[in-house]
Structure formats: C-alpha cells, structure tokens
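Just the heavy atoms: all of them, side chains too, but no hydrogens, waters or symmetry mates, feed the values below.
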Amino acid sequence: MVEQRFAGLLLSLDRFQKQLDAFMLGSYLACDFGGDSGDDSGDDGDSTLSPQVRLDVVHGAPQVMLDHGITWMDLTRDQEPSEYRLAVTLAFTEAGIAVEAFVRLDLERDMGEWPAGVHVPYRQRADGLGLDEALAFVGARVEEMCRRHDDVARLGLARR
C-alpha cells in the first residue's frame, strides 16, 4: 500500500511537471525573450529556459519543488538578468503537507506594463493537507498557472 501511494505521488508530480514544462516552453517559443532591445540584430541578448525538480530539506522538512524559469538579459542595457518563474513547493511536515504555488517576475527594468522590481501576480498556499488533498490542490494550481498567458503578454516582448 505504501509503495502504491508513493508511486502515485511520483506519477502525479511527473504529470504536473510536464504540464508546467509544456506551458513554459510554449511561452519561451512564442516570445523573443533574448532579443527585446528593439533592434533587428537578433544577437542583443540571451535567454534560458530551465525546468527543474528540486529535492531539499528545509528546517527539517523534506521538500519537493517543481521549478520552471525563463531568464533573459539584454546585453546592451541590463546589468542583471530578468526572470519569469512558475513554482510549486510541497513540504512534508509533522502537521501534514504544506503546498505553495506562485508566479513571480523579477525584472531588471520596466518591461511593457510591468515596472522594474519583483512582482508576484499569483500565489496560493495551503497547510496541513493529507496526500490526496495536497495532490488535488497542486493539480488545481498547476491548471490555473498554465492559463496565465497575460503575465508574459504584459511584458511587451516581440512575438516570434
């Protein structure tokens, strides 16, 4: 029974990871994150798509993080890279599973409708969940985050 529940957890996390990956890859391919300076040279910037599954122990609690980010930098005017990130964290505590899901933009400069700085347009959290509740919560949050096309659209990047 324990093995089946553990296998179910891993299969669910894999499914959620693939959903986030497909959404972020679509965003990455649709927008010119690396070439947003406005000239036509095509080599004015650099961008990276990084899907990751992270395992960690924080304050004694094991954590799994589904972490998808796009970083980009216009080499002609940025000092630091900007970042668009979707992440879901599950922390396994004595009180149950704590889940947090968020969308974060960390912008080096004003871009489109977003001013420079850190923005968290989406964040949901739940504590003390059982495994089935946690997976249902994560599934619903992943669905919501994968419908947030406006966050990228509001950056004002050229469409490919």
Side-chain angles (χ1 to χ4, degrees), residues 1-31 33-34 46-73 78 80-157:
M1 181 67 176
V2 172
E3 293 85 7
Q4 289 175 332
R5 291 185 55 79
F6 186 69
L9 167 68
L10 293 178
L11 290 170
S12 294
L13 292 176
D14 182 61
R15 186 177 74 248
F16 301 144
Q17 177 74 358
K18 287 176 180 171
Q19 284 177 267
L20 291 170
D21 187 46
F23 175 77
M24 289 297 275
L25 179 61
S27 296
Y28 186 74
L29 294 175
C31 296
F33 283 93
D46 190 23
S47 63
T48 305
L49 174 65
S50 60
Q52 299 178 42
V53 176
R54 297 180 184 190
L55 304 173
D56 201 357
V57 177
V58 178
H59 305 296
Q63 292 188 352
V64 176
M65 178 182 259
L66 309 179
D67 186 15
H68 290 261
I70 298 172
T71 56
W72 70 96
M73 186 171 176
D78 293 340
E80 297 289 329
S82 292
E83 179 182 75
Y84 170 54
R85 181 162 305 283
L86 279 67
V88 177
T89 302
L90 293 91
F92 298 84
T93 69
E94 290 180 14
I97 302 171
V99 179
E100 181 177 32
F102 64 87
V103 174
R104 190 182 97 201
L105 294 132
D106 185 352
L107 303 176
E108 173 69 8
R109 61 185 154 76
D110 293 352
M111 293 192 69
E113 298 175 30
W114 296 103
V118 176
H119 308 276
V120 182
Y122 178 88
R123 177 172 291 195
Q124 297 289 320
R125 182 173 174 87
D127 293 303
L129 302 177
L131 182 58
D132 293 337
E133 293 171 307
L135 292 176
F137 184 85
V138 171
R141 302 302 73 84
V142 167
E143 290 290 331
E144 289 173 0
M145 289 192 298
C146 290
R147 288 193 301 261
R148 296 189 60 83
H149 298 282
D150 286 349
D151 296 332
V152 172
R154 292 174 54 204
L155 287 169
L157 298 170

> How long is the span from the CG atom in Leu13 to the NZ atom in Lys18, to the nearest 0.5 Å?
Replying inline: 12.0 Å
> Does the Ser82 side chain pair with the main chain of Glu108, one donor and one acceptor, at a distance under 3.5 Å?
Replying inline: yes
> Picking from Val152, Val120, Asp151, what satisfies side chain to side chain contact (heavy atoms under 4.5 Å, CB included) with Val103?
Replying inline: Asp151
> Does some side-chain heavy atom of Phe23 sit less than 4.5 Å from a side-chain heavy atom of His149?
Replying inline: yes
> Say you draw a straight line from CG of Asp21 to CG of Leu86; how long is it, rounded to the nearest 0.5 Å?
Replying inline: 11.0 Å
> What closest approach, in Å, do Gly128 and Glu133 show between heavy atoms, and which atom pair accounts for it?
Replying inline: O-OE1, 4.5 Å
> Parallel, tilted or perpendicular: which fits the ring planes of His119 and Trp114, with parallel below 30° and perpendicular above 60°?
Replying inline: tilted
> Could you give the distance from CG (Asp106) to CZ (Arg85), rounded to the nearest 0.5 Å?
Replying inline: 9.5 Å
> Hey, does Arg141 have a side-chain heavy atom less than 4.5 Å from the side chain of Phe16?
Replying inline: no
>> Using side-chain heavy atoms (C-beta onward) and a distance below 4.5 Å, is Pro51 in contact with Met24?
In response: no
>> Testing the basics here: between Phe102 and Arg123, what is the closest heavy-atom pair and its distance to 0.1 Å?
In response: CB-NE, 4.0 Å
>> Counting only heavy atoms not in Phe6 (residues, nucleotides, ligands), do more than 12 fall under 6.0 Å from its CZ?
In response: no
> What is the minimum heavy-atom distance between Trp72 and Ser47, and which atoms define it?
Replying inline: CB-CB, 3.8 Å
> Please walk me through it: do Gln124 and Val99 pass side-chain contact (heavy atoms from CB on, under 4.5 Å)?
Replying inline: CA-CA 8 Å; Gln124 297 289 320; Val99 179; over 6 Å; no
> Between Phe33 and Tyr28, what is the shortest heavy-atom contact and its length?
Replying inline: CE1-CA, 3.9 Å
> Do you know which two heavy atoms are closest between Pro115 and Asp110, and how far apart they sit?
Replying inline: CA-OD1, 3.3 Å
> Are Leu107 and Leu155 side-chain neighbours, meaning at least one heavy-atom pair lies under 4.5 Å?
Replying inline: yes
> Is a side-chain N or O of Asp67 found less than 3.5 angstrom from the main chain of Val53, in a donor-acceptor match?
Replying inline: no
> Got Gln63 and Arg54 here, is their nearest side-chain heavy-atom distance under 4.5 Å?
Replying inline: no
>> In the structure I gave you, are the side-chain heavy atoms of Leu20 and Met145 within less than 4.5 Å of one another anywhere?
In response: yes
>> Let me confirm one number: the CG-CE distance from Asp46 to Met73, rounded to the nearest 0.5 Å.
In response: 9.0 Å
> Are Leu25 and His68 close enough that some pair of their side-chain heavy atoms sits under 4.5 Å apart?
Replying inline: no
> Going from CG on Leu66 to CG on Leu90, what distance comes out if it is rounded to the nearest 0.5 angstrom?
Replying inline: 7.0 Å
> Where do Gln19 and Cys146 come nearest, in terms of heavy atoms and distance?
Replying inline: O-SG, 3.6 Å
> If you measure from CZ on Arg15 to CD on Gln17, what distance do you get to the nearest 0.5 Å?
Replying inline: 12.5 Å
> Can you check side-chain contact (heavy atoms from CB on, under 4.5 Å) on Leu9 and Val64, steps first, answer last?
Replying inline: CA-CA 11 Å; Leu9 167 68; Val64 176; over 6 Å; no
